2 protein chains.
Amino acid sequence: MGSQQAKDTSGYKAWLALHARADEAQRKREAARYDWLAACEQHDTIAAAVSELRNGIRSILGQELREIDPNRIEQGIVIGTFDGNERIRALCGDASEQLGAEGFAIRASEGLMAIGANTPSGVLYGVFHLLRLLALGELTENLSVMERPANGLRMINQWDNIDGSIERGYAGQSIFYANDAIAFQPERVRDYARLLASVGLNAIAINNVNVHRLESGFITEPLLSRIAELAAIFRVYGIRLYLSVNFASPIEVGGLPTADPLAQDVRLWWKERADDIYRAIPDFGGFLVKADSENRPGPFTYGRNHADGANMLAEALAPYGGLVIWRCFVYDCKQDWRDRTTDRARAAYDHFMPLDGTFHPNVLLQIKNGPMDFQVREPVSPLFGAMERTNQLIEFQITQEYTGQQRHLCYLVPQWKAVLDFETFACHEGAPVKRIVDGTVFGRPYGGFAAVSNIGCDENWTGHPLAQANLYGYGRLAWNPELSAETIAAEWAAQAIGPDPQAVDTICTMLLESLDIYESYTAPLGVGWMVNPEHHYGPNVDGYEYDKWGTYHFADRYGIGVDRTVASGTGYAGQYIGDNAKAFESLDRCPDELLLFFHHVPYTHKLQSGVTVIQHIYNTHFDGAERAGELARKWQSLRHLMPDGLYLAAEARLLEQAEHAKEWRDRINTYFYRKSGIADAWGRTIY
Amino acid sequence: MGSQQAKDTSGYKAWLALHARADEAQRKREAARYDWLAACEQHDTIAAAVSELRNGIRSILGQELREIDPNRIEQGIVIGTFDGNERIRALCGDASEQLGAEGFAIRASEGLMAIGANTPSGVLYGVFHLLRLLALGELTENLSVMERPANGLRMINQWDNIDGSIERGYAGQSIFYANDAIAFQPERVRDYARLLASVGLNAIAINNVNVHRLESGFITEPLLSRIAELAAIFRVYGIRLYLSVNFASPIEVGGLPTADPLAQDVRLWWKERADDIYRAIPDFGGFLVKADSENRPGPFTYGRNHADGANMLAEALAPYGGLVIWRCFVYDCKQDWRDRTTDRARAAYDHFMPLDGTFHPNVLLQIKNGPMDFQVREPVSPLFGAMERTNQLIEFQITQEYTGQQRHLCYLVPQWKAVLDFETFACHEGAPVKRIVDGTVFGRPYGGFAAVSNIGCDENWTGHPLAQANLYGYGRLAWNPELSAETIAAEWAAQAIGPDPQAVDTICTMLLESLDIYESYTAPLGVGWMVNPEHHYGPNVDGYEYDKWGTYHFADRYGIGVDRTVASGTGYAGQYIGDNAKAFESLDRCPDELLLFFHHVPYTHKLQSGVTVIQHIYNTHFDGAERAGELARKWQSLRHLMPDGLYLAAEARLLEQAEHAKEWRDRINTYFYRKSGIADAWGRTIY
């Protein structure tokens, strides 16, 4: 990792640490196979792939690859595209048609390892795949792999601001901006691009979706040239750059009197901006837009709808193949808490469902995984499966806004897996969310994943070293949603921390139970929002209860929960299809973990698990806090296996979590005990 | 007001507006009496008094005073000190012995009005008194007045920071500082000094008691010279300047390794600072100190007590007659909410009572009016009456931190009156708080009032124009605690708004009911702290319930309140003397308005008023919100009597209050309804 070589005990290299093979015999055996490397194409991305391979083989096997012409190589590694490298075409060109633009094939036989693809990006992905197998000790002699990503768009959203701050960032300041300027170390940005590419991500929106004054100028000079420099770094790693744009830019940047999407001068203005942008960045990805949401401007100002707004931008970008990614996070953020008829959970569906089929082909709707906002537990957004004629992108949040802010351990892959595997009943053959967003169920041309990044300028990228596993897992899932949470955890741990089995086992256990632990001591039974307002860290049961944000639990002395049934509530359950609607509507069939999201029940209501709601609250909070303490003890058992930097950074956070989990436990238990008057069945201390 | 003449519709002149006499016949009659002015002394303060008289007579009566030698004057006004003006000595020198340093005598006879005093400050106070009588139309032909202030120290505390912000300021930025520099318009500061002197205030601590890094340097050059410039402005108006100091200054400013109050080099360092300060400001008042409180440094760091700390500073100042004002706002601000044995209310007494008699003679303890922190309702601090051998200063908060932040109308004089009239039972003859703090009960050499200012750079000084009445009232009470809240309100309204009887009546009514209204919809029965954390604006019943600040109500489904009895609670009630301790201890005798401060009772507990606690909560909240709406309507009835600037500034705030009062009503009623399950007896809407 270039200039960062000296810092490898801090976690800076993350899952590209490429630990040296400990078993000397095995190392020698493998090293003997990798002494020659052949790659003939003059392309920055191929060069990057070569560089990764050289570094990787050196780092893991202590072997220095020597270059040789592909047509002369007999033992070693040959990489390239089918078009650009004859030898590759001969070795695995038959796979070409099945690989698409980004897939790769790896074939090993008779001492020769070939990595072939249709594009340089595919070659790079193949190289990272090979290195992963090597690092994990899974490289077999007669390897034959073909992979292509399940999703076309695999995107990262940076919520970075030009002042250097990151909205919901918990790992230091931005690596892109500082002091109201675009300011970055190219090495650091390149290393970020390498991390993203190594897990198959291919798109990045480089600024916060809340686009403030200065950032509105990113689409014009002089800032556009600086953005183009960032695009050039990412381009090498197959990652297209996108910009979040301010819908009011025609006014704020262009000096027009309106931003009405149907006004001719506004449309022209955006077309001119597209011309400028593509001159500077020929492979520019497109625009990400948060409009008419949380006080952001949007088409509503002009009596237009979201399709009018998105299509105008789409028209400007279409000649260049650019995309418009339009966020569906639209709701009334000035709600009256006294009004029980308005339901924020309904908002995305109510706003966008009527527009299905009216968006241009190069528009994608970016839909948060759940109907609220990245709570530890929510149902899946009912828009998935409902919109048949609209490109969709599912949005996850890697940064842990509501899940412990990288001070608590919370491995989110199991949550995302549950969302992706959720059956929508959108068609008879089965339509899990993952098949909606990848475009296969409704044959959509575009689809994929987006997620809010969790990195900042902290040396280890994510503050909590173990939070790297979320970024890693997100990329891996975007490539292949069939990977299990266990596989991903083990992959990350072995690559980032080292292959020691005790360490890998312990860390996998910690990661895999962490989501359940966090949910246990924070948000029982699908209730969310019991957090401190604004910063969202720490317990506050009524923190959002009497506020304008539409996020309530309605706890009183008898019970708790939001009635979202069709029969007696807000009707939200009816936004689902078929049996989902029936199950959520039914008090008996609604899954325990979502009960309070869909139903208002007495504290004495008996769950499917057999305990009452109130006893469940007490049990999970006592257990969760206890288990949070165990997480820290498990980590401490690995002390001897860790370098100081990495170990201590995680230990400090795990100890804070253990203490803070007790605060969660006591506040929530006390709140509900004071309200319900029902004592814990086991007589544990409640204040 | 000099350069501000053009701004007189904004409220800038406040109670020194000196409205022109409307009745022309009366004006002519009075003007005829004031055509000559005699003042022979060369003294800045006398000159200021002359200037006030000239402006005042001109403004009210349209008359230009002509100057004449005191020995030749036969009709008009003669002012001066008994020592400096022979004619004054002849006219009222017999009063000299009864007036002390700051009192004045006014004698009118045979067309001559004489204002005499022992000092120029006394003369100035006399002039302001005369102008007040003139403005109020109360100047009689045979006037004979003798006044002297009840309290020696009548102080204002500015919580201004050098960055220009004001801690708990609600009327704009500081008039003393900006952008990390001492930066002020001399005219504005002078006008502030005039306002303070006109109500008899004689001391100002010019910076926040939380002394940050840059402000710690106020006691050394180069900043000290700038502070001296401020002192010079205030000096003209009889106001001594004080500085809040950082107890850790020897370390932070002096570069010493310790701030231990018993260390010789520390003591020497402070003495050298005193030498420097008195060279720059010969009449410097002294130091105000917040130590060992809310994370401020203090003697505890070195295992010393507060007397050690205060006495060290007192020793440094004593040679110059300077005072140390040591705040008693000391408590554990990192309390565990789960611990019910620690009681913040006890803290000041527990910390300071054992030190009674150990402070040097030039130390005063500054004690907040109540044991907590300026809530709308608290009992009186039990330190008053308990400490017999210590100088005391009572601290009020004019700035409305917990009483609506100058967006709600809350005339605080009735609250202060109740505190001052509270009988402590400290001696047989009767010992109300006002007689403790003025020093008479225990024969203390120093005593008086301090209060946190409510002014900022807003054109009308206080944001809410009617909030001026609090600053006015504070000064008037500090001079004479026997004045009634009604008198003070009427004085302020007639002087600041104008003498129209409808306006004065309506505004008096609004002012006098405002405290009760605010208490009604915010804090029932002595419960405080049901506010949003940190900024303290707006309702949040559990805002401080699970926090570290020691401020809890312990509401559960059965009841609410803090048991502070000796019998079963924290014992706080036992800190009072005699019948106060008994009354607060007793569930039957404790006044309704403090019931929940001293007792935890069921919601169904019947108050002395005959209604239950829960019904009282509902009643006061419905009534309070209703009455808040009426305040706005009353103001609107005065539309035709007001200039735009003043009228609209108040109207906007009164309308916000009316709306916000409903939010208070609904949140608090809903909270307690959800918790208690008891419906409103009158069936009004609770959510």
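These numbers were taken from a predicted model, which means no experiment stands behind them. Below, chain A is the first sequence line, B the second, and so on; all start at residue 1.
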Student: Hey, which residues of residues 665-687 of chain A are touching chain B, say heavy atoms under 4.5 Å apart?
Tutor: A:Asp666, A:Arg667, A:Thr670, A:Tyr671, A:Arg674, A:Lys675, A:Ser676, A:Gly677, A:Tyr687
Student: Around atom CZ of B:Arg338, are there more than 12 heavy atoms of other residues, nucleotides or ligands at under 6.0 Å?
Tutor: yes
Student: Enumerate by number any residue of residues 524-546 of chain A whose heavy atoms lie under 4.5 Å from heavy atoms of chain B; in the absence of such residues, state 'none'.
Tutor: A:Asp542, A:Glu545, A:Tyr546
